Amino acid sequence: MIGGGIAGLITARELSRSSLRVLVLEARDRLGGRVWTDHRLGRDLEIGGTWLHWVQPHVWAEITRYGLEVTRGPRPEEAYWLAGDEVRKGTLDGFMELIDPGMRRLLADTMRWIPRPDQPLAEPELAEVDACSIQDKLDELHLPVEERQANEAAWVGHFNAPLDEGAFTSGLRWTAATAGSWHLMHEASAVFRLATGTRSLVEAIVADVDAEIRTSTEVRRIEHDAEGAVITTASGEQIHARRVVVTLPHNIIGDLDVSPALCAEKLAASKEKTASKGVKAWIRVRGPIKPFFAYSSASHPLSVVRTEYLGDDDAVLVAFGADAQKISPDDLDAVRAALRVWRDDLEVLEVTGHDWMSDPYSRETWLMHRPHQLTRYLQAQQRPEGVLHFASSDNANLWAGFIDGAIESGLRVARELTAQLTASR
Ligand SMILES: Cc1cc2nc3c(=O)[nH]c(=O)nc-3n(C[C@H](O)[C@H](O)[C@H](O)COP(=O)(O)OP(=O)(O)OC[C@H]3O[C@@H](n4cnc5c(N)ncnc54)[C@H](O)[C@@H]3O)c2cc1C
């Protein structure tokens, strides 16, 4: 197993249940990959993946299995958004009503294009709509400026990418997974989280894995043939395996030295990169404050911010922007300036985050495709190549890019491998 993120750990758990010998090689000094609960700003914060929902079947099954508790941040009592440069203040319901017409029109044909979200390529003419960016489709609506800015900012929250780079089909897939309801899609992607952090999910899976797990072990090279593979680590150690499961994210899989080389589609997708290249920032402000959320526009460094934790004398906000080049989550002054777009009454005390784009073991946040990538590459990204198999949230069918998708892909690959390996016993 190459990678000890959720996809790798789930695959390892399932394979070890079939009494297969499993070795997990993880480059970082911790497990979890793009989920990472870390103690910062006085709280256990999710630096990566956070929100999950009962409409996400794979992750919900794990929550039930391990008895994990789910909670949510405080309900916003105030909402801020922009009309041009003017700040509007209202309620959550008022903001939802503002974006509702745009959302409905944009997503009206969701179930025509993605009738089966678990089979995202089912519609034969999907390539036609997969050529469009989400920005192309928003532009076609000719929304008034206030609605346009609000809708665009909301989509930045979902895409973590410049909207002209994000595929419209990625938005359709999320909405199809909630049977066409944008409200439910919004809730599924951004409200409920694990009370004990994603760390508790990672720990529960690890406790259930009967395998050797090595951290701080970066894989550099894989040579493979019909009989098996030889893996070379950064320290030069060589490991022989009958099968290899590669769980590297879309953006870095092409950097791995594989011989014979991976198929052209996997390499092309990795070279093109995903659309998502944004930023997630955690911000501690002096309290007490009323819980709020705020949306600016797609072009602001932070498009979305909201209260996630409320203390007696402080509060912690979470914020997202489309482009990690525009703002560093560790830059106190830049984050202060970004918040002043809506509010100059907040005293920013501390900020933190992780630069996932520069991190050599991810170089992306959560998967959102560029136009054409779904129809050109997904099938090939899922396809085994000889003894190499590929599990990743980035190549999942249903909730690709989510924790749920990582679990789905791990279950799929483990099922295929178990069938092969136990049949040949
Ligand atoms: C900022 C952010 C916010 C997110 N928010 C949400 C959310 O709210 N809800 C949600 O469901 N999802 C969210 N996600 C997405 C979710 O976290 C990921 O889709 C999921 O965790 C990916 O799991 P994975 O196992 O497929 O990949 P990864 O977690 O990336 O695992 C791959 C593993 O491979 C390791 N690796 C890389 N290269 C090598 C190598 N050469 N040798 C050995 N090991 C290697 C990596 O260190 C990593 O551990 C978010 C992600 C980010 C970054």
Side-chain angles (χ1 to χ4, degrees), residues 1-12 23-37 45-53 55-56 58-60 62 157-158 160 174 177 188-194 198 201-202 205 213-222 231-235 239 244-253 255-258 274 276-282 308 318-321 324 329 353-357 359-368 381 390-396 398-410 413:
M1 192 75 45
I2 305 186
I6 297 286
L9 293 173
I10 290 285
T11 318
L23 171 64
V24 179
L25 303 173
E26 165 55 49
R28 293 183 172 112
D29 61 2
R30 60 172 183 85
L31 297 170
R34 279 176 281 167
V35 297
W36 180 18
T37 314
L45 299 181
E46 298 294 357
I47 308 302
T50 310
W51 293 291
L52 31 76
H53 199 274
V55 296
Q56 298 173 339
H58 304 93
V59 75
W60 206 258
E62 299 296 327
H158 296 322
N160 209 226
W174 284 31
S189 59
V191 177
F192 295 95
R193 57 178 154 77
L194 292 174
T198 55
L201 174 62
V202 172
I205 302 168
I213 300 179
R214 293 192 206 162
T215 50
S216 304
T217 308
E218 180 187 324
V219 170
R220 287 272 171 85
R221 181 168 164 76
I222 307 174
I231 292 165
T232 308
T233 68
S235 68
I239 297 160
V244 177
V245 181
V246 183
T247 73
L248 269 51
H250 174 127
N251 281 4
I252 60 168
I253 198 168
D255 301 338
L256 201 60
D257 179 6
V258 182
T274 59
S276 31
K277 55 177 179 188
V279 68
K280 174 181 186 178
W282 287 102
E308 194 61 24
V318 64
F320 293 91
H354 181 67
D355 185 356
W356 293 98
M357 295 310 298
D359 184 327
Y361 302 125
S362 55
R363 297 209 186 281
E364 65 181 70
T365 56
W366 63 89
L367 171 104
M368 296 304 278
Q381 287 173 314
F390 301 88
S392 166
S393 179
D394 298 4
N395 70 27
L398 185 51
W399 285 98
F402 286 78
I403 299 165
D404 189 87
I407 298 165
E408 176 205 304
S409 73
V413 166

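Just so it is clear, the structure is predicted and the values come from calculations on it, not from any experiment. Because only heavy atoms are used, hydrogens play no part in the values below, and waters and symmetry mates are left out as well, while side chains stay in. Counting starts at 1 for both ligands and their atoms, following the listed order.
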**Request:** Output yes when R34 and E364 qualify as a salt bridge under the 4.0 Å nitrogen-oxygen rule, no when they do not.
**Result:** yes

**Request:** Using distance alone, with no hydrogens and no angle criterion, decide if E26 and Y361 have a side-chain donor and acceptor under 3.5 Å apart.
**Result:** no

**Request:** For T37 and T198, test the side chains for any donor-to-acceptor distance below 3.5 angstrom and give the result as yes or no.
**Result:** yes

**Prompt:** Distance-only, no hydrogens or angles: does the Q56 side chain make a donor-acceptor pair with backbone N or O of W399 under 3.5 Å?
**Reply:** no

**Item:** Donor-acceptor contact below 3.5 Å, side chain D394 vs main chain P249
**Value:** no

**Message:** I want to check something: taking the side chain as every heavy atom from C-beta on, are I205 and L31 in contact at a cut-off of under 4.5 Å?
**Reply:** no

**Message:** I need the contact residues for ligand 1: any residue with a non-hydrogen atom closer than 4.0 Å to the ligand, ordered by chain then number.
**Reply:** I2, G3, G4, G5, I6, A7, L25, E26, A27, R28, G32, G33, R34, V35, I47, G48, G49, T50, W51, T217, E218, V219, T247, L248, P249, I252, K280, W356, Y361, T365, W366, S392, S393, G401, F402, I403, A406

